[in-house]
Amino acid sequence: MASNFGKTIQVSTFGASHGYAIGGIVEGLPCGHTIDIDELKAFLKRRAPGQNQLTTQRKEADIPEFLAGMVDGMLSGSPLAFMIRNTSQHSSDYNNLRDIPRPSHADFTARMRYGDKVDMRGGGHFSARLTAPLCVAGGIALQLLREKGIEIHGHLKQVGTVQDAPIDMVHPDMKALASIATEPIAMVDPEKRSEVENLVMNLKKDGDSTGGIVEVVATGLPIGLGNPNFDGIENRLARAIFGVPAIKGISFGGGFDMCAQLGSEVNDAFTMDGDKITTTTNNSGGIQGGITNGLPLVMQVGIKPTPSIYKEQPSVSLSRKEDTLLTIQGRHDPCVALRAVPVIEAVTALVILDFLGDIDHELR
Ligand SMILES: Cc1cc2nc3c(=O)[nH]c(=O)nc-3n(C[C@H](O)[C@H](O)[C@H](O)COP(=O)(O)O)c2cc1C
Ligand SMILES: C=C(O[C@@H]1CC(C(=O)O)=C[C@@H](OP(=O)(O)O)[C@H]1O)C(=O)O
């Protein structure tokens, strides 16, 4: 199995949900930057499991131990290596899944690909537990980008059928987005937050799950970052973001809604703002031809419902080769989108830092 991405900032993650530890290695980070470790810990807490009743009840402190590449909180320029110990594995919850795969989790495909010795306890290396190291690397990238005037914030655009207030894609209110970061439901509209809370608590009672859409906005990007065709901003973002489990789609700016609209309705008209060239709308999501145009980068990420649900479900016995019914155990998120917001922010930050490395040699 390979788990890596990036060109100038190369990230790899290792470990399994029920193994000794998870962790990562990040190469290409600039030497001499001091990382605010308390801020990094606060960022990791936004993703960590077991923080409230709306998430999986597995409790992990998710404190990274830096093994190399950092001296007294300062990046030393050599590859950054870190690990997070696993402390709360309930592996017996997964015993029956060795023979009966969970519908829509990776149990079946992992066994077909790697054989029956593959460690799939807690989802193994496929588990969303692997998004913790992504948040360590991405939390550092967010701090480095902020020094360059680049801000990245996300919100839950939608959970189930409940939609948050729309954001202004030309002049997004980044303060409003930053202020909801620590809400258990990262929506700007407080009424929608309570609607989602009721929805998720009811799903939890019913043993069911739902999906959602995370929308992320990045401001302060220079014009001209990216490449045409196969290595553009959308390409590298998509490659990295599809590395987050449960992601089923990505769109930018006006997204799929534009497909039914007219060019005259959605084209982003150029206009002068003082001596700056800008556009009056931002249906392109800040990207044209794979290259940033100076408008905010706006991206929507579609997340499916949690596959592990407590309702009885049809599956098959792999050994007996017959249909059967499956009831699962374990501690699962009724809606994984709630904890995915910082993960998408983290991956976005790593990809943007990677692109800055293409043009900014001071970064190396
Ligand atoms: C933050 C986060 C938390 C998740 N929590 C769970 C969970 O508790 N139970 C579960 O079955 N899947 C959970 N998932 C999703 C699975 O890991 C994912 O569906 C599975 O690995 C199969 O991958 P795929 O959905 O990309 O095909 C979570 C995903 C994310 C991003
Ligand atoms: C542990 C985390 O989330 C886990 C992600 C996950 C999955 O299938 O992706 C399944 C559950 O694992 P377990 O059964 O071991 O509790 C979640 O708790 C985490 O995000 O840190």
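Remember, it's 1-based here, ligands and their atoms both numbered in the order they're listed. Here, residue 1 is the first one in the sequence, and each next residue gets the next number.
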Which atoms of ligand 2 are found less than 4.0 Å from any heavy atom of [X]?
X    : answer
R331 : 11 (C), 14 (O), 16 (O), 17 (C), 18 (O)
T56  : 17 (C), 18 (O)
S127 : 5 (C), 6 (C), 7 (C), 9 (O)

Notebook entry, point to check: For the residue pair Y310 and H332, does the interplanar ring angle fall in the parallel (under 30°), tilted (30 to 60°) or perpendicular (over 60°) class?
Noted result: tilted

Next item on the list: Identify which of M120, R121, Q89, H105 has a heavy atom lying nearest to atom 8 (O) of ligand 2.
Entry: H105

Check: Can you tell which of V301, D107, V336 gets a heavy atom nearest to atom 6 (C) of ligand 1?
Finding: V336

Say you draw a straight line from [atom1] of [X] to [atom2] of [Y]; how long is it, rounded to the nearest 0.5 Å?
X    : Y    : atom1 : atom2 : result
L237 : M299 : CG    : CE    : 5.0 Å
L199 : T161 : CG    : OG1   : 7.0 Å
N283 : N267 : CG    : CG    : 8.5 Å
L29  : I9   : CG    : CD1   : 5.0 Å

Next item on the list: Start with the C-alpha distance between Q300 and S251, add both sets of side-chain angles, then the distance that settles side-chain hydrogen bond (donor to acceptor under 3.5 Å, both in side chains), and finish with yes or no.
Entry: CA-CA 5 Å; Q300 300 87 24; S251 59; 2.7 Å; yes

For [atom], find the nearest protein heavy atom and state the residue, atom name and distance (0.1 Å precision).
atom                    : answer
atom 19 (O) of ligand 1 : P307 CG, 3.4 Å
atom 9 (O) of ligand 2  : A128 N, 2.8 Å
atom 29 (C) of ligand 1 : A128 CB, 3.4 Å
atom 8 (O) of ligand 1  : D333 N, 3.0 Å
atom 11 (O) of ligand 1 : S308 OG, 2.5 Å
atom 23 (O) of ligand 1 : A246 N, 4.1 Å
atom 16 (O) of ligand 2 : R58 CD, 3.3 Å
atom 16 (C) of ligand 1 : H105 NE2, 3.7 Å
atom 21 (O) of ligand 1 : F126 O, 3.1 Å
atom 18 (C) of ligand 1 : P245 CB, 3.6 Å
atom 3 (O) of ligand 2  : R339 NH2, 3.4 Å

Looking only at heavy atoms of [X], does any of them come nearer than 4.0 Å to an atom of ligand 2?
X    : result
Y94  : yes
G330 : no
P49  : yes
R129 : yes
R47  : yes
H90  : no
S17  : yes

Can you tell me if [X] and [Y] form a side-chain donor-acceptor pair at under 3.5 Å?
X    : Y    : answer
S308 : R102 : yes
Q89  : S17  : no
E151 : T219 : no

Check: Going through the distances and angles, do S284 and D268 end up as a side-chain hydrogen bond (donor to acceptor under 3.5 Å, both in side chains)?
Finding: CA-CA 7 Å; S284 306; D268 295 320; 2.6 Å; yes

Check: Side chain, backbone, both or neither: which part of K304 has a heavy atom under 4.0 Å from ligand 1?
Finding: side chain

Note to self: By the definition salt bridge (Lys or Arg N to Asp or Glu O under 4.0 Å), identify the one residue from K41, R339, R47, K45 that meets it with D62.
What the structure shows: R47

Checklist line | Q10 side chain to T8 backbone, donor-acceptor under 3.5 Å | finding: no

Note to self: Using only atom types and a distance under 3.5 Å, with no angle test, would you say the side chain of E345 pairs donor to acceptor with the backbone of G154?
What the structure shows: yes

Note to self: Contact between ligand 1 and T306 is defined here as a heavy atom of the residue under 4.0 Å from a ligand atom; is it met?
What the structure shows: yes

Next item on the list: Could you go through the side-chain hydrogen bond (donor to acceptor under 3.5 Å, both in side chains) check for T306 and D333 one step at a time?
Entry: CA-CA 7 Å; T306 319; D333 292 283; over 6 Å; no

Notebook entry, point to check: Should you measure from each heavy atom of H332, which atoms of ligand 1 turn up under 4.0 Å away?
Noted result: 7 (C), 8 (O), 9 (N), 10 (C), 11 (O)

Notebook entry, point to check: Hey, is D358 close enough to R236 for a salt bridge, meaning N to O under 4.0 Å?
Noted result: yes

Margin query: Would K248 count as a polar contact of ligand 1, with the cut-off being nitrogen or oxygen pairs under 3.5 Å?
Written below: no

Check: D119 and R121: salt bridge (charged side-chain N to carboxylate O under 4.0 Å, His left out), yes or no, with the steps?
Finding: CA-CA 6 Å; D119 177 15; R121 297 165 305 157; 2.8 Å; yes

